[in-house]
Amino acid sequence: MKFILDAEQRLFGETLDKILTEADTPSVIRGWAAGVHEPGLALWRSLAETGVLALAVPESAGGAGPLPVELVTAFHELGRHAVPGPYAETVAVATLLDRLGDELERGSEWLEGIAEGRVVASLALPTLPALPAPAQASAPYALDADAADLVLLVDGDALRAAAAGEVRASLDPARRLPSVVAGDVLAAGPSVAAAARVACDMGVLATAAQLVGVGRRLLEVSVDYAKARQQFGRPIGEFQAVKHHLADALVGLEYARPLVHGAAVSYGSPDFGRDVSAAKVAASEAAYAAAKIALQVHGAIGYTDEYDPSLWIRKARALHSAWGSPAAHRARVISSLAGA
Amino acid sequence: MKFILDAEQRLFGETLDKILTEADTPSVIRGWAAGVHEPGLALWRSLAETGVLALAVPESAGGAGPLPVELVTAFHELGRHAVPGPYAETVAVATLLDRLGDELERGSEWLEGIAEGRVVASLALPTLPALPAPAQASAPYALDADAADLVLLVDGDALRAAAAGEVRASLDPARRLPSVVAGDVLAAGPSVAAAARVACDMGVLATAAQLVGVGRRLLEVSVDYAKARQQFGRPIGEFQAVKHHLADALVGLEYARPLVHGAAVSYGSPDFGRDVSAAKVAASEAAYAAAKIALQVHGAIGYTDEYDPSLWIRKARALHSAWGSPAAHRARVISSLAGA
Amino acid sequence: MDLDLSSVEPFRAEVREWLRTHVPAAPLPSLEIEEGFAAHRAWERELYGARLSVVSWPEEYGGRAATPLEWLVFEEEYYAAGAPGRVSQNGINLLAPTLFQHGTPEQLARVLPSMASGEVIWAQAWSEPGAGSDLASLRATATRVDGGWLLNGQKTWSSRAAFADWGFGPFRSDPEAQRHRGLTYLMFPLDAEGITRRPIGRIDGKPAFAELFFDDVFVPDRDVIGEPGAGWKVAMSTTGNERGLTLRSPGRFLAAADRLLDLWRERADPGDTALRDRVADAWIKARAYQLKGYETVSRTDDIGAESSINKIFWSELDVALHETALDLLGPDGELEGDWLEGYVFSLAGPIYAGTNEIQRNVIAERVLGLPRAGR
Amino acid sequence: MDLDLSSVEPFRAEVREWLRTHVPAAPLPSLEIEEGFAAHRAWERELYGARLSVVSWPEEYGGRAATPLEWLVFEEEYYAAGAPGRVSQNGINLLAPTLFQHGTPEQLARVLPSMASGEVIWAQAWSEPGAGSDLASLRATATRVDGGWLLNGQKTWSSRAAFADWGFGPFRSDPEAQRHRGLTYLMFPLDAEGITRRPIGRIDGKPAFAELFFDDVFVPDRDVIGEPGAGWKVAMSTTGNERGLTLRSPGRFLAAADRLLDLWRERADPGDTALRDRVADAWIKARAYQLKGYETVSRTDDIGAESSINKIFWSELDVALHETALDLLGPDGELEGDWLEGYVFSLAGPIYAGTNEIQRNVIAERVLGLPRAGR
């Protein structure tokens, strides 16, 4: 078992980092937030060329997956660069379609489209099927469904086609949250419920990886800022209070990362769900803590819409509760352990 | 209404501070911990001479009370000096006896004895009657009952005489925790239950005041230590990390104090119980936070039995859960607010 | 001092009744956008009409000479009634106390009534790109000319300045003087010739601040507050106020805690003790802040650096309270709405008016007496 | 490096089986008191008999040359079985790594086997009354004499020294040299002529430390570790180890988290989500520390200052885990017992082996690259 990335996986991450650095994601985000989707969709297609969208699609449908370790490597970079778009949702949809297999008439067609980057998918999960009962509360929205080619809705044990309704604004301007209008039932029964549970876990895992990347970037920019910004005649990074804030952010992130990696490694084992939830708890808390520290270290400028780090600060808070809050995932961890 | 102490109340506090400073309480505590009660009982009698033990006893029984503001003033000093002995328990017993009045044959005799410092009392409350149901859990011990002249047990709606059983050791060496052997029923019925609720609130209030005093002393000694102790060629109090720890301790204590005072002021109003619980939450948290900060600022020496501040550090933790944990009192605050 | 709470009951009742009949049924639009700014200005005028906009001021300027206790009571009632945020607060809480201490009679008579009525809304112009918490490093200049001063340079993070009428702040009038010396405190109309303002969106995009660029802006002598060159002392008298109770009155948090309790009743599983404990803590802390307020107005001595204790307490309480609300809202917590607006507002608390790190230094050095670090 | 977890299963099974049949049914008395010290020493001998006391050492010194992964697995099994605390840990974790790096073959052959068997138990003697986290200010001296050194001065907070057999630590051998220079690292028997030891009670009264007074204590040259005068470098090689995984192995926290979960099942209202969340966090963090351990042993590079990250993490996890246990015990939390003993032990974590404040400085400066403060 590999508890660190191998050379090829590291190279994959570095390649994505390079593409995303060149893509100038802040301007893509600001466009996406205003409903100008094309630059974001172009980036989607570039990422598809590197294979990002094929990671949750099985080889039988033209994909390369499931490759959970590569998936969290990619999502870490998506988070570091705050890439807008329904990436985690598309991964969940791919997992769902894969699990349902021939039950869905157009399943393999969609899967191929996802792998090739032609089909942007989104998903509404009014309850999170992987979580125990009182923690399942979720949102009746499908992220960026107004930019998606395929929108699905899991409604109890029925899978339905869906369409984007009215868009609600999120604290994170890159997260557009349309409600969904339910359409035809595409499949129903226990197989849908079972597939939705795994799909949900994959969405959670992708989001946890993304959160660690978001937090990591916030730490990077805060360290840079603390070295450069002068107050009282010296860089603020000389002050112990600033040092200790930033050290705390690092400690949180350094321990969230192995939980995310470990969850990816346990894909397919009975512990996968428990480990995914543990990863989401730690990643949410670490990224949100990093965001608050980034805000405190930057001061007023971090509180400013036009200054790029605020894009990451807002995303950390929004993803903190997306795909299940830390409390919801703690409930899942405990119920898994108690049931074991 | 007075939200600060008047001149006379301040003088009372200063007098107690003087007496207790002269009494060298650390040596009294170490004796008490070893079962050598006499120096502690002598101090009890000195404090009775200043009127401390008369504050919860009504004038009709030779006391001066109830005077809740003076009571919290006194308990603040008892905490600052970590005075050993069942003071809060005796206040609760006095309140209980006062409320039950003629229902108890020897009630007024005991009350007189308490006011004069002749009767040291203790009390076992296997449940805390002032708290809502799931938060009532308490301990079947009567603090320092082995040094007490009068030991009572509230057993449902019966009040019983009791005797000290086997002594259990606490983290706080000054807290000796005998189990109780139940004796005769002295009174029973709804009047006992009602009296026990008020008595419990008075015990909680006294403990909250004591906790603020414990925390205050820990802050004082930590500030002194930080000014004197040199590391890396300068006083550790110059380091921002130490400064910020100590500032945080002060903030917590500065806001616990008005809650304690405010609860004393609301004695007799319908909000008394709610306010007492709010005070206990804040005092427990602030004192325990001050204890952990004191330990961190002192380093190894604060972790040492023979160094006096550790007596306060241990007391802060023990009183954190005594007379109801913060969680139990939060439940009470919410149930009072929801019921209002 | 003994506070006679019962003696203020008639005042409380009057305020409560007026608010009951006047507070808009639907919340006004956010005061950080143009439409909301105008609506809040109109509301200030309505308050002024009832002599409720500046209750603690002398009657001649539109107040009621209310005692500090009456002011606390006013604030409790005001926020309990769900009344609108105060678009005039920078003027009322930051400039007016400075003027009462350092202003001329002419300045008081000219500035205060139009501030009280909402006719003139004020923006604080202190920070500069290179000087956030470190005010002594200000660089925007005031140059002596005949009959007044010419302002040059840049200010930033000027709250309300996107839509406000006038601004105030310290400028360096003696370029030779170092740090705390040679600053002059001035007032200026934001539409003066030579001022360019650029609105800045806060973290939710609303233009809550502006950058101000000064290019030979003439300010007459009558708009200097206090002695020229004594701007640091004048500024510090504002700072003391800003960090005390006035910037965030206890009533504000009591009302927010009550709304949080309502949200908890509506939304939470009553058995969810994790959320229950956080709701309880918010209420307990709001209550502590209320009692601390009563204590403060009972004292006759100067609270001095203790105001830093208040600033840390309310700002951290405010963040925690709103985080609890977002967590209660669960997946809806990220959606635009009143709680999110309150959360965004709360996030500024630990940063502005002196970061909480600076406040902790002040507490450690000036309240606890710890040694200042060598440079 | 690819960790083959399945390849270590036979080793895991052997360890588990041995522990199942050998771990004392009732807990031993606390190792911080004389009776418990003796019992734990006997247990070390028993472990040694099964070649389980120092699994990662070479076979010639009583070990099995276990890989780092095998060591992690051993620790997981050891603590999961509820086996006794390791009274030899100061020697095994702090002195042995130093000897492997700087010791002579003679020293290795002489010191290690008796350490492995528990025959000689070692105490660390580093701190001095004036030098806690600031090791460069040490003042106890080693003076050159014929064939060796004379030790004078005082050490304090020497863990285990109340009952241990030998001690080790740095002494100032060049009184002219400043701070990091002129230290020499030595070993000495605690019953040597000229040593007075005074046990110090830790916060629960148990004599977990001692003060050591040195009055012309002769130490022969063969008990110097590394070059005379190079004691700082020798000491730092121990420090790196101390802050890494070896001082607190992941297995310890996994086992504690599992016991906490049991306590929660027994004691808690399952609806009490406040406690449930804290139990979940303890488990999640223990799991994170386990995975971080696997990651660390998969790496081939030096973790260097990153060990400071581990030290903060495990020490804060340990305190939080035990506070949760005390809160679960409610009013019984203050009573003497295993959880209270664990809590007391945990409180030392953020202080010793370099306070967590020092560790945060190290992380900020050496991992994140922030500037050192000017003096």
Original post:
Taking all atoms of both residues into account, what is the closest heavy-atom pair of B/R274 and C/W283, and its distance?
Top reply: NE-CH2, 3.3 Å
Original post:
Out of curiosity, C/T273 OG1 to B/R330 CZ, how far, rounded to the nearest 0.5 Å?
Top reply: 10.5 Å
Subject >> Least distance between heavy atoms, C/L370 atom then B/G237 atom >> reply: CB-O, 3.8 Å
Original post:
Side chain, backbone, both or neither: which part of B/I334 has a non-hydrogen atom closer than 4.5 Å to chain C?
Top reply: side chain
Original post:
Which bit of C/E365 is near chain B, if near means a heavy-atom gap under 4.5 Å: side chain, backbone, both or neither?
Top reply: side chain
Original post:
Just wondering, more than 12 heavy atoms not from C/D269 lying within 6.0 Å of its CG?
Top reply: yes
Original post:
Highest number of heavy-atom pairs under 4.5 Å with chain C: which of B/P326, B/A279, B/P258?
Top reply: B/P258
**OP:** Evaluate the ring planes of B/Y255 and C/F313, with Trp represented by its six-membered ring, and classify them as parallel (under 30°), tilted (30 to 60°) or perpendicular (over 60°).
**Re:** parallel
**OP:** Check whether B/D275 gets within reach of chain C through its side chain, its backbone, both or neither, counting any heavy atom under 4.5 Å.
**Re:** side chain
Original post:
How close do C/S298 and B/I4 get, heavy atom to heavy atom, and via which atoms?
Top reply: O-CD1, 3.4 Å
Original post:
For B/Q240, is it the side chain, the backbone, both, or neither that has a heavy atom closer than 4.5 Å to a heavy atom of chain C?
Top reply: side chain
Subject >> chain C-proximal positions within residues 244-251 of chain B [heavy-atom distance under 4.5 Å] >> reply: B/H244, B/L246, B/A247, B/D248, B/L250, B/V251
Subject >> Among C/N361, C/I363, C/N356, residue most engaged with chain B (heavy-atom pairs, under 4.5 Å) >> reply: C/N361
**OP:** Among the options B/A282, B/G252, B/A327, pick out the one with the most heavy-atom pairs lying under 4.5 Å from chain C.
**Re:** B/A327
**OP:** Counting only heavy atoms closer than 4.5 Å, note whether B/V223 contacts chain C via side chain, backbone, both or neither.
**Re:** both
Original post:
Given the options C/A364, C/A288, C/G369, C/S6, which has more heavy-atom pairs under 4.5 Å with chain B than any of the others?
Top reply: C/A288
Original post:
So how far is it from B/H261 NE2 to C/K292 NZ, rounded to the nearest 0.5 Å?
Top reply: 13.0 Å
Original post:
Which one of C/R276, C/Q290, C/K285 has the most heavy-atom pairs closer than 4.5 Å to chain B?
Top reply: C/R276
Original post:
Which answer fits B/A331, side chain, backbone, both or neither, if we ask what part of it has an atom under 4.5 Å from a heavy atom of chain C?
Top reply: both
Original post:
Which value, rounded to the nearest 0.5 Å, describes the distance between B/E254 atom CD and C/E306 atom CD?
Top reply: 6.0 Å
Subject >> Proximity breakdown for C/L261 and chain B, heavy-atom pairs closer than 4.5 Å >> reply: side chain
